[in-house]
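Take a look at the structure set out below.
All values derive from a computational prediction rather than experimental measurement.
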Amino acid sequence: MYPSRWNCSICSGLSGFDDMLVGAYVEDSGGESGGAAYLVNGPIGGDSLVGSLMSLTDADIKLIGEVGEDRAGYSLSAAGDLNDEGIAD
């Protein structure tokens, strides 16, 4: 069993609100250290989070590594504007 390790990236969502992607690369749902990435759709922050904690079980989407040692969620990054329409993807 490994200690919990995670990464986080904030990116602009299609809804116009920022979304949060959290990677837990030693999560074991898909096998030992298969990893997972959790997407939380925005808006994130503001008064709704003041004094509260959010659980990743409340994430909108959970992507799981297919087999052990996949380490899904190890590296996260906002993509920028991939299709050049002026909105970050």
Side-chain angles (χ1 to χ4, degrees):
M1 182 78 163
Y2 296 99
S4 178
R5 298 210 168 81
W6 57 274
N7 298 311
C8 183
S9 180
I10 303 292
C11 51
S12 293
L14 296 176
S15 64
F17 295 107
D18 286 342
D19 299 329
M20 180 172 61
L21 186 62
V22 177
Y25 59 91
V26 295
E27 203 268 352
D28 293 335
S29 292
E32 186 172 337
S33 294
Y38 300 84
L39 177 65
V40 179
N41 291 320
I44 297 169
D47 292 336
S48 64
L49 292 180
V50 173
S52 66
L53 295 175
M54 184 184 78
S55 171
L56 290 179
T57 59
D58 297 327
D60 296 289
I61 297 172
K62 179 182 178 183
L63 305 168
I64 301 170
E66 293 184 11
V67 296
E69 301 300 324
D70 269 356
R71 299 196 188 274
Y74 181 80
S75 180
L76 306 174
S77 179
D81 184 9
L82 297 178
N83 56 0
D84 203 27
E85 91 289 39
I87 301 172
D89 299 312

Quiz prompt | Distance-minimising heavy-atom pair for Leu76 and Gly23 | solution = CD1-N, 3.2 Å

Quiz prompt | Partners meeting side chain to side chain contact (heavy atoms under 4.5 Å, CB included) with Ala59 (sequence neighbours left out) | solution = Tyr38, Val40

Quiz item: To the nearest 0.5 Å, how far apart are CG in Leu63 and CD in Glu27?
Solution: 11.5 Å

Self-check item: Residues that Thr57 engages under side chain to side chain donor-acceptor pair (under 3.5 Å), provided they are two or more places apart
Solution: Ser55

Practice problem: Locate the shortest heavy-atom distance separating Gly34 from Asp70; write the atom from each residue and the value. | Solution: O-CB, 3.4 Å

Exercise. Would you please name every residue forming a side chain to side chain contact (heavy atoms under 4.5 Å, CB included) with Leu39, sequence neighbours left out?
Key: Asp19, Leu21, Asn41, Ile61

Self-check item: Shortest non-hydrogen separation from Ala37 to Gly73 and the atoms involved
Solution: CB-CA, 4.4 Å

